[in-house]
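Single-structure report; data block below.
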Amino acid sequence: MLKGNRIEQINDELLEAIPVITSFIKKITEFKEQSVIITENITANFLSYQTGNEHDRVWEAHKLHYDLHYMFEGKESIVFSSKLSEMGDYYLEEDYYLLQGLSEYSEKLLTGQWLFIDTEEAHRTGIGNGEQVKKIVFKIRKA
């Protein structure tokens with residue numbers, strides 16, 4: 001997991017994706033819930049929701065795509081853990097599987113910040129006190 005405005009020591013596909021994604025963000029004139037294919041390997045999912053209680057959210061992880069969360073508006077916490085067990089089936093089309101376990105640490109994501117989540121990294125998103133969030137989750141295909 002990497003947070004902030006720079007990424008160090010990551011592989012080439014991510015380094016190539018960052019300029020494409022930042023250019024895409026700069027061109028946004030309105031926020032509309034949708035999924036936009038940016039390139040063959042990058043999709044932007046525009047999400048809008050209210051944050052809630054951690055225990056009402058699900059643990060998930062991905063196998064084929066990195067997540068790059070960009071907080072367009074609002075704030076939330078994202079919780080991570082490495083001590084989880086697989087709970088359900090893997091959904092290839094959506095590239096996720098559900099897990100169960102206990103939280104180890106969390107990161108706050110504020111307006112204008114982004115957070116990189118590696119494949120296989122278990123996380124719960126949308127945690128907060130009922131704040132309205134507008135977020136873009138960039139799915140970056142792993143080579």
Side-chain angles (χ1 to χ4, degrees), residues 1-28 30-39 41-92 94-143:
M1 185 248 330
L2 297 166
K3 181 180 177 182
N5 292 321
R6 63 190 187 123
I7 293 181
E8 298 175 21
Q9 299 176 344
I10 55 174
N11 57 27
D12 290 339
E13 68 245 15
L14 290 174
L15 290 175
E16 292 171 11
I18 298 303
V20 173
I21 290 170
T22 54
S23 176
F24 179 83
I25 290 170
K26 289 177 184 177
K27 294 176 184 174
I28 296 172
E30 73 172 311
F31 189 97
K32 184 171 96 175
E33 285 188 69
Q34 61 184 323
S35 183
V36 177
I37 297 172
I38 300 172
T39 71
N41 296 320
I42 305 170
T43 302
N45 296 317
F46 288 70
L47 308 170
S48 179
Y49 55 86
Q50 273 190 294
T51 61
N53 184 301
E54 177 179 347
H55 301 291
D56 294 334
R57 309 296 291 179
V58 297
W59 286 104
E60 67 175 66
H62 313 286
K63 294 183 179 185
L64 303 175
H65 295 89
Y66 302 107
D67 275 1
L68 185 61
H69 292 235
Y70 174 73
M71 186 58 73
F72 190 81
E73 185 178 296
K75 65 180 178 179
E76 72 176 349
S77 289
I78 298 176
V79 180
F80 295 88
S81 181
S82 60
K83 298 175 182 175
L84 297 165
S85 60
E86 216 165 310
M87 185 169 90
D89 296 330
Y90 173 66
Y91 299 92
L92 177 62
E94 294 89 12
D95 182 36
Y96 77 92
Y97 54 99
L98 300 177
L99 304 132
Q100 57 186 356
L102 300 173
S103 301
E104 287 185 280
Y105 62 97
S106 69
E107 292 289 337
K108 278 208 185 291
L109 189 59
L110 308 173
T111 299
Q113 291 183 327
W114 41 286
L115 180 74
F116 172 79
I117 301 175
D118 204 345
T119 57
E120 307 291 338
E121 192 168 17
H123 55 283
R124 275 184 176 168
T125 63
I127 299 166
N129 295 317
E131 297 91 354
Q132 186 65 34
V133 166
K134 290 183 180 180
K135 180 168 79 172
I136 306 169
V137 177
F138 294 92
K139 298 291 188 176
I140 304 167
R141 181 131 180 113
K142 185 176 182 177

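Keep in mind it's a predicted model, so treat the numbers as computed, not measured. The first residue of the sequence shown is numbered 1, and numbering continues consecutively from there.
- For the pair E76 and I78, the minimum side-chain heavy-atom distance is below 4.5 Å.
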Exercise. Under the side chain to side chain donor-acceptor pair (under 3.5 Å) criterion, do T51 and E131 qualify, and how do the steps go?
Worked result: CA-CA 5 Å; T51 61; E131 297 91 354; 2.6 Å; yes
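- Within the 4.5 Å cutoff, the side chain of V133 has no heavy atoms near those of the F72 side chain.
- Atom CG of N53 sits in a crowded spot, with more than 12 heavy atoms from other residues, nucleotides or ligands closer than 6.0 Å.
- Annotation for I38 and F138: closest pair CD1-CE2, 3.6 Å, computed over non-hydrogen atoms.
- Rounded to the nearest 0.5 angstrom, I136 CD1 and F46 CZ are separated by 4.0 Å.
- Geometrically, K63 engages Y90 in a cation-pi contact defined by less than 6.0 Å to the ring centre and at most 45° from the axis.
- Here the closest non-hydrogen pair linking T111 and G74 is OG1-N, 2.9 Å.
- Looking only at distances, no side-chain donor or acceptor of N41 sits under 3.5 Å from a matching main-chain atom of I140.
- Distance check: T125 OG1 to H69 NE2 gives 6.5 Å after rounding to the nearest 0.5 Å.
- Between F80 and H123, the two ring planes are tilted [angle within 30° to 60°].
- Residue H62 comes nearest to H65 through the heavy atom pair CB-O, 3.5 Å, listed as atom of the first residue, atom of the second, then distance.
- D118 contributes atom CG, which lies 5.5 Å from atom OH of Y66 (distance to the nearest 0.5 angstrom).
- Using a 4.5 Å heavy-atom cutoff, the side chains of W59 and V79 are in contact.
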Problem set entry | Criterion side chain to side chain donor-acceptor pair (under 3.5 Å) on S82 and E104, from CA distance to verdict | CA-CA 8 Å; S82 60; E104 287 185 280; 2.8 Å; yes
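- Looking at L68 and L115, their side chains never come closer than 4.5 Å, going by heavy atoms from C-beta outward.
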Pairs under 3.5 angstrom only: tabulate donor-acceptor contacts from the side chains of residues 96-103 to other protein residues two or more places apart or in another chain.
residue	atom	partner	partner atom	Å
Y97	OH	E120	OE1	2.4
S103	OG	E54	OE2	2.1

Problem set entry | S48/Q132 under side chain to side chain donor-acceptor pair (under 3.5 Å): CA gap, chis, key distance, verdict | CA-CA 7 Å; S48 179; Q132 186 65 34; 3.0 Å; yes
Problem set entry | Stepwise side chain to side chain donor-acceptor pair (under 3.5 Å) check, Y49 with K135 | CA-CA 9 Å; Y49 55 86; K135 180 168 79 172; 3.0 Å; yes
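- For T22, the side chain to side chain contact (heavy atoms under 4.5 Å, CB included) partners two or more places apart in sequence, or in a different chain, are I18.
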